[in-house]
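Worksheet for the structure shown next.
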Amino acid sequence: LVAALDSANGWQRDKVQMLLLWRNDAAAVPLLESLARDSRNPLARLHALCTLDGLGCLKPELVERALSDSHPGVRINALRLAERHSSSGVIAAVAKLVTDSDRKVLLQLACTLGEWRDPKAGEALGRLAVAQHADKFIAAAVLSSALPHSGALVDAVVASGGAAQAVFNEPLTSLALATKQRDSLARLLQTVSASRSGEFTARGNGNAL
């Protein structure tokens, strides 16, 4: 059955995966791990990973390996699978994807980082926000993950300033107000306006407040 996962036929892969999950046979686990590591077929690698996850046997080191897979579709799903693992190795491997070249990977990354409260995840979310602020879909996904990492996100966009802060300043200010995070609110408000000849002007449009 595991060998039959390495097929170009999608119906066959789906049915085989279903049978493997129904049988719940521990003998399949090492074979699935080998397929996930060594198959040249990215769809077979993905099915093997998802089957292991369904069997409750997906090891963190295999997730880490999948996060650096050559195929973006495998990396996207590895991010989704990584959400149930909180080891430092998995989070570090996830954080490396901030510089990934595939925008769908970055979109999933922005969503996945909100699943942990680890400071490394917050730092990665901040770097992603600054780097991808011009992409409205990734920016929205970043904000969906902002609650557990609002402090790190504020630090990143304030340090960056410019266009990145212009994109995130208003939603992060609203979040800081709603969650009563006074330090973050103070940092954001401090940079909203700049003194000019004794008057305060809104950053970005030059109109007097």
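Everything quoted here is computed from the prediction, not taken from an experiment. These numbers come from the heavy atoms of this one structure, side chains and all, not from hydrogens, waters or symmetry mates.
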*Counting N and O atoms only, with roles assigned by atom type, does the side chain of Asp69 sit under 3.5 Å from a partner on the main chain of Arg65, one being a donor and the other an acceptor?*
no
*Are side-chain heavy atoms of Leu106 and Leu97 found at a separation under 4.5 Å?*
no
*asked:* Whether the side chain of His85 engages the backbone of Lys59 through a donor-acceptor N/O pair (distance < 3.5 Å, no angle test) should be reported.
replied: no
*Sub-3.5 Å donor-acceptor pair from the side chain of Ser145 to the main-chain atoms of Cys111, do we have one?*
yes
_Short side-chain to backbone donor-acceptor contact, His149 and Trp116, under 3.5 Å_ = yes
*asked:* Between Arg84 and Asp53, does any NZ, NE, NH1 or NH2 come within less than 4.0 Å of an OD or OE carboxylate oxygen?
replied: yes
_For Glu83, side chain to side chain contact (heavy atoms under 4.5 Å, CB included) partners two or more places apart_ = Gln108, Thr112, Glu115
*Can you tell me if Thr179 uses its side chain to pair, donor with acceptor, with the backbone of Leu175 under 3.5 Å?*
yes
*Please identify each residue that fulfils side-chain hydrogen bond (donor to acceptor under 3.5 Å, both in side chains) with Arg103, with sequence neighbours left out.*
Gln132, Asp135
*Taking atom types as modelled, is there a side-chain donor on Ser150 or Gln181 under 3.5 Å from an acceptor on the other?*
yes
_Check against side chain to side chain contact (heavy atoms under 4.5 Å, CB included), Val2 and Thr51_ = CA-CA 10 Å; Val2 172; Thr51 305; over 6 Å; no
_Donor-acceptor contact below 3.5 Å, side chain His47 vs main chain Ala44_ = no
*Find out if a path of hydrophobic residues (ILVMFWY) with successive side-chain heavy-atom gaps under 4.5 Å connects Leu43 to Leu21.*
no
_For Ala156, is there any backbone N or O sitting under 3.5 Å from a side-chain donor or acceptor partner on Ser160?_
no
*asked:* Using modelled atom types and a 3.5 Å cut-off, is there a donor and acceptor pairing between side-chain atoms of Glu123 and backbone atoms of Ala152?
replied: no
*Who passes side-chain hydrogen bond (donor to acceptor under 3.5 Å, both in side chains) against Asp118, sequence neighbours left out?*
none
*In terms of hydrophobic clusters joined by side-chain contacts under 4.5 Å, are Leu19 and Trp11 together?*
no
*Flag the pair Leu79 / Leu67 as yes when at least one side-chain heavy-atom distance between them is below 4.5 Å, and no otherwise.*
yes
*Could you check Asp25 against Leu20 for side chain to side chain contact (heavy atoms under 4.5 Å, CB included), going step by step and ending with a plain yes or no?*
CA-CA 7 Å; Asp25 188 345; Leu20 287 166; over 6 Å; no
*asked:* Using a 3.5 Å distance criterion without hydrogens, assess whether the side chain of Arg13 forms a donor-acceptor pair with backbone atoms of Ser7.
replied: yes
